Amino acid sequence: MALSIHPLTGGLGAVVDHDLGEAGDDPTLSPALAEALHRHRLLVFPRQHLNHADLLVASANFGAVDTDVDRRYAVGGFPGITTVSNIVEGGTPAGIYDGDDEVEWHADNSFKPRLTRATLLYSVITPELGGQTRFADSTRAYTDLPAELKERIEGLRAIHSIQRLAALQTQASGGQSSAAAGSLASRPEVEHPLVQTHPVTGARSILLGSMVIRGIVGLAEKDTNRLLDDLLERVTSTPYVYTHRWSQGDLVVWDNLAILHTASPCDSSRHHRLLYRTSVH
Ligand code: SIN
């Protein structure tokens, strides 16, 4: 299938004019979408009209939906869909949201032994102000690293800890964060290479997580912090960042093995934000 794809200026991402909700069983759609995702690392599908079932069908184009999600915000009857929201109903958060807390650059599910390959985020209620999602092209940033820094980080392994993530999110939000771990909290730490090699494209990228990484194997805490701060500053510097300002009906899909992302602050007392998320293997 020939998709209508318009690359965004800046080198990360593309807009795709395609209605993912429309019925159709074209077997070439899924490979075409996957090829576009691997090429552009992030795809924006504007003006979608997806119910929960449609979102699962759209997600299946990119891989097998991960159903191992935080049970607090799982959408009943639609395994793998998580509510992402700052809305609080009767004192209970409607969804997971860390956007009012400290900026937390991350790749989704890095606290699991196997990262999910892609994330889909579908916007239903958009705030008038704030609540954008920023994406950092850690693939291009890795390519641009000085050779000696590439050499220094080659082979290093980072320890990802959901307990650390939960503790820091709770601390940053004064105990108010709806994000902090929930039913996923009891997992053991996992190690991932700091430099990832993409299983499809072979491109290399840096896997960071401002709150989830507890340390680097064999490095002292001081050296770890200095190195991670330096890498994060490089990867999230302006030339590598795309900021998505949500419109209702946007579906954004990103290659979770190639880029990092973070939610931007939004004044939850004034602006509501509601999205639905899936991750795929
Ligand atoms: C996420 O971290 O997957 C959600 C990002 C967002 O809420 O903008």
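Treat the numbers as computed from the prediction; the structure is a model and nothing was measured. Counting starts at 1 for both ligands and their atoms, in listed order. Every heavy atom of this structure was used, including side-chain atoms; hydrogens, water molecules and symmetry mates were not.
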K.L.:
What heavy-atom pair brings L219 and L227 nearest, and what distance separates the two atoms?
P.N.:
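Scanning both residues, the minimum pair turns out to be CD1-CD2, 4.0 Å.
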K.L.:
Among V241, T139, L208, whose side chain to side chain contact (heavy atoms under 4.5 Å, CB included) with V235 holds?
P.N.:
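One option only clears the test, and that one is L208.
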K.L.:
Grab the two heavy atoms, one from G10 and one from R140, that are nearest each other, plus how far apart they are.
P.N.:
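Distance-wise, the nearest heavy atoms are O-NH2, 3.1 Å.
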K.L.:
Look at the rings of F45 and F62 and say which category their plane angle falls in: under 30° parallel, 30 to 60° tilted, over 60° perpendicular.
P.N.:
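Perpendicular, since the angle between the ring planes exceeds 60°.
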K.L.:
Compute the shortest N/O to N/O distance between H106 and ligand 1 and return yes if it is under 3.5 Å, no if not.
P.N.:
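Indeed, backbone or side chain, H106 has an N or O that close.
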K.L.:
Search all heavy atoms of C266 against all heavy atoms of Y97 and return the closest pair with its distance.
P.N.:
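Looking at all heavy atoms of both residues, the closest pair is CB-OH, 3.5 Å.
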K.L.:
Any atom of ligand 1 sitting under 4.0 Å from a heavy atom of E104?
P.N.:
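Heavy atoms of E104 never come under 4.0 Å of ligand 1.
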K.L.:
List ligand 1 atoms under 4.0 Å from H261, heavy atoms only on the residue side.
P.N.:
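Those qualifying, in numeric order: 1 (C), 2 (O), 3 (O).
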K.L.:
Below 4.0 Å from ligand 1: does a non-hydrogen atom of R273 turn up there or not?
P.N.:
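It does, in that a heavy atom of R273 comes within the 4.0 Å cut-off of ligand 1.
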K.L.:
Enumerate the atoms of ligand 1 whose separation from the nearest heavy atom of V84 is less than 4.0 angstrom.
P.N.:
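This gives 7 (O) as the contact atoms.
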K.L.:
Go through the steps for R47 and D17 under the test salt bridge (Lys or Arg N to Asp or Glu O under 4.0 Å), then give the verdict.
P.N.:
CA-CA 9 Å; R47 297 176 297 281; D17 291 322; 3.7 Å; yes
K.L.:
Report, in ascending order of atom number, the atoms of ligand 1 lying under 4.0 Å from any heavy atom of D108.
P.N.:
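Every atom of ligand 1 under 4.0 Å from some heavy atom of D108: 1 (C), 2 (O), 3 (O).
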K.L.:
Which residue and non-hydrogen atom of the protein lie closest to atom 8 (O) of ligand 1, and at what distance in Å?
P.N.:
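Here the closest protein heavy atom is T133 OG1, 2.5 Å.
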K.L.:
Does this structure show an ion pair linking R39 with E35, if we count only N-O contacts that are shorter than 4.0 Å?
P.N.:
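So R39 pairs with E35 through a salt bridge.
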K.L.:
Under the criterion salt bridge (Lys or Arg N to Asp or Glu O under 4.0 Å), I'd like the reasoning laid out for R234 against D230: C-alpha separation, chi angles, the key distance, then a yes or no.
P.N.:
CA-CA 6 Å; R234 289 171 189 269; D230 177 31; 3.1 Å; yes
K.L.:
Of the protein's non-hydrogen atoms, which lies at the shortest distance from atom 5 (C) of ligand 1, and what is that distance?
P.N.:
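That would be L121 CD2, 3.9 Å.
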K.L.:
Identify, for atom 4 (C) of ligand 1, the protein heavy atom at the shortest distance, and state residue, atom and that distance.
P.N.:
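Going atom by atom, the protein heavy atom closest to atom 4 (C) of ligand 1 ends up being R277 NH1, 3.9 Å.
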K.L.:
As an exercise, identify every atom of ligand 1 less than 4.0 angstrom from a heavy atom of A263.
P.N.:
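Contacts of ligand 1 toward A263, numbered from 1: 6 (C), 7 (O), 8 (O).
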K.L.:
Ligand 1 and T262, any nitrogen or oxygen pair closer than 3.5 angstrom?
P.N.:
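No; every N/O pair is 3.5 Å or more apart.
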K.L.:
Side chain, backbone, both or neither: which part of T119 has a heavy atom under 4.0 Å from ligand 1?
P.N.:
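T119 to ligand 1: no contact under 4.0 Å from either part.
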